[in-house]
Amino acid sequence: MPLWWWLVDSLLFVVVLLVLLLVGLLVRGRLLARSGGAFDMSVTRGSEKRAKGWMHGLAVYGDTELRWFRTFSLSWRPRYRFTRGDVLIEGRREPQGDEVHAIHPGHLIVETTCAADVRQFALSPDALTGLLSWLESSPPGQRVNNVL
């Protein structure tokens, strides 16, 4: 077999592998969003107002926790779990400087304190309203009113 056949076969293998990876990411995202209560949310562990450190993902509501999955990952396990009583939302602001290019257009940034060491969320105004409602509507006996 000539060398160029090996190159063509190798290139074809790489292209098929990339297509399968892309299809896997799309199917995973669709199946996670199918459960209902899913929205786009970016997170960062830094508290600075800069573009570095933002990670795009999909947040899915559960009964007592908000599960956050990275967009560009094939893992079915959430990267972060935010328990309803442990999340404290401290304020909201518009993205500034390079942050505008690091998060989705139209998203707001909220400062947060939680056990997962995430310092900021970026989400749409509608998703923020839903998150605040979910945080405030915890069942009796749990800590509520963690929104300042």
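Values below: all heavy atoms of this structure, side chains included; hydrogens, waters and symmetry mates excluded. All figures in this text were calculated on a predicted structure; none of them were measured in a lab.
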Engineer: Is there a side chain to side chain contact (heavy atoms under 4.5 Å, CB included) between L58 and D40? Walk through the geometry before answering.
Structural biologist: CA-CA 5 Å; L58 182 73; D40 289 326; 4.1 Å; yes
Engineer: Test of understanding: with side chain to side chain donor-acceptor pair (under 3.5 Å), list the residues that count as partners of T129, not counting sequence neighbours.
Structural biologist: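 By the side chain to side chain donor-acceptor pair (under 3.5 Å) rule, T129 matches no residue at all.
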Engineer: Testing the basics here: between A59 and L66, what is the closest heavy-atom pair and its distance to 0.1 Å?
Structural biologist: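 The answer is CB-CD1, 4.0 Å.
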Engineer: When rounded to the nearest 0.5 angstrom, what distance separates CE in M55 from OG1 in T44?
Structural biologist: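 Reported value, rounded in 0.5 Å steps: 6.5 Å.
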Engineer: Give every residue pair that meets the salt bridge (Lys or Arg N to Asp or Glu O under 4.0 Å) criterion with at least one member in residues 91-108, sequence neighbours excluded.
Structural biologist: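 Those involving residues 91-108 are R93-E99, R93-E111.
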Engineer: Between the side chain of S124 and the main-chain N/O of A127, is any donor-acceptor distance below 3.5 Å?
Structural biologist: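 Yes; at least one donor-acceptor contact below 3.5 Å.
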Engineer: With ILVMFWY side chains joined below 4.5 Å, transitively, what does L7's cluster contain besides itself?
Structural biologist: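 For L7, no cluster forms, as it stays isolated from other hydrophobic side chains.
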Engineer: Output the distance between atom CG (L131) and atom CE (M41), rounded to the nearest 0.5 Å.
Structural biologist: 7.0 Å
Engineer: For R77, does its backbone N or O pair with a side-chain atom of R67 as donor and acceptor, under 3.5 Å?
Structural biologist: no
Engineer: Between P125 and G106, which heavy-atom pair has the shortest distance, and what is it?
Structural biologist: CD-O, 3.4 Å
Engineer: Working to the nearest 0.5 Å, report the span between CG of L21 and CG of L26.
Structural biologist: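 Going from the CG atom of L21 to the CG atom of L26 covers 9.5 Å.
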Engineer: With heavy-atom distances below 4.5 Å as the criterion, would you say the side chains of L18 and L22 are in contact?
Structural biologist: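 Not touching, per the 4.5 Å side-chain cut-off.
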Engineer: Answer yes or no: is there a side-chain heavy-atom contact under 4.5 Å between R70 and Y80?
Structural biologist: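 No - every pair of side-chain heavy atoms lies 4.5 Å or more apart.
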Engineer: Could you measure the distance from the CG atom of L135 to the OG1 atom of T112? Nearest 0.5 Å is fine.
Structural biologist: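 Reported to 0.5 Å precision, the distance equals 8.0 Å.
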Engineer: Using the rule that two of Ile, Leu, Val, Met, Phe, Trp, Tyr join whenever any of their side-chain heavy atoms come within less than 4.5 Å, decide whether V43 and L123 are in one cluster.
Structural biologist: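 Linked within one cluster.
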Engineer: Does any pair with a residue in residues 26-48 pass ring pair (Phe, Tyr, Trp, His ring centres under 6.0 Å), and if so which ones, sequence neighbours excluded?
Structural biologist: F39-Y61
Engineer: Which value, rounded to the nearest 0.5 Å, describes the distance between H101 atom NE2 and W54 atom CH2?
Structural biologist: 14.5 Å
Engineer: Where the side chain of W68 meets the backbone of R81, is there a donor-acceptor pair that is under 3.5 Å apart?
Structural biologist: no
Engineer: How long is the gap from CD1 on I89 to CZ on F121, to the nearest 0.5 Å?
Structural biologist: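 Here the rounded value is 5.5 Å.
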Engineer: Taking side chain to side chain donor-acceptor pair (under 3.5 Å) as the definition, give me every residue that meets it alongside S42, ordered by chain and number, with sequence neighbours left out.
Structural biologist: H56
Engineer: Mind checking what makes salt bridge (charged side-chain N to carboxylate O under 4.0 Å, His left out) contact with R79, not counting sequence neighbours?
Structural biologist: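 Per chain and number, R79 pairs via salt bridge (charged side-chain N to carboxylate O under 4.0 Å, His left out) with no residue.
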Engineer: Determine, step by step, whether V16 and L20 satisfy the side chain to side chain contact (heavy atoms under 4.5 Å, CB included) criterion, reporting the C-alpha distance in whole Å, the side-chain angles of both residues, the deciding distance to 0.1 Å, and the verdict.
Structural biologist: CA-CA 6 Å; V16 168; L20 288 176; 4.1 Å; yes
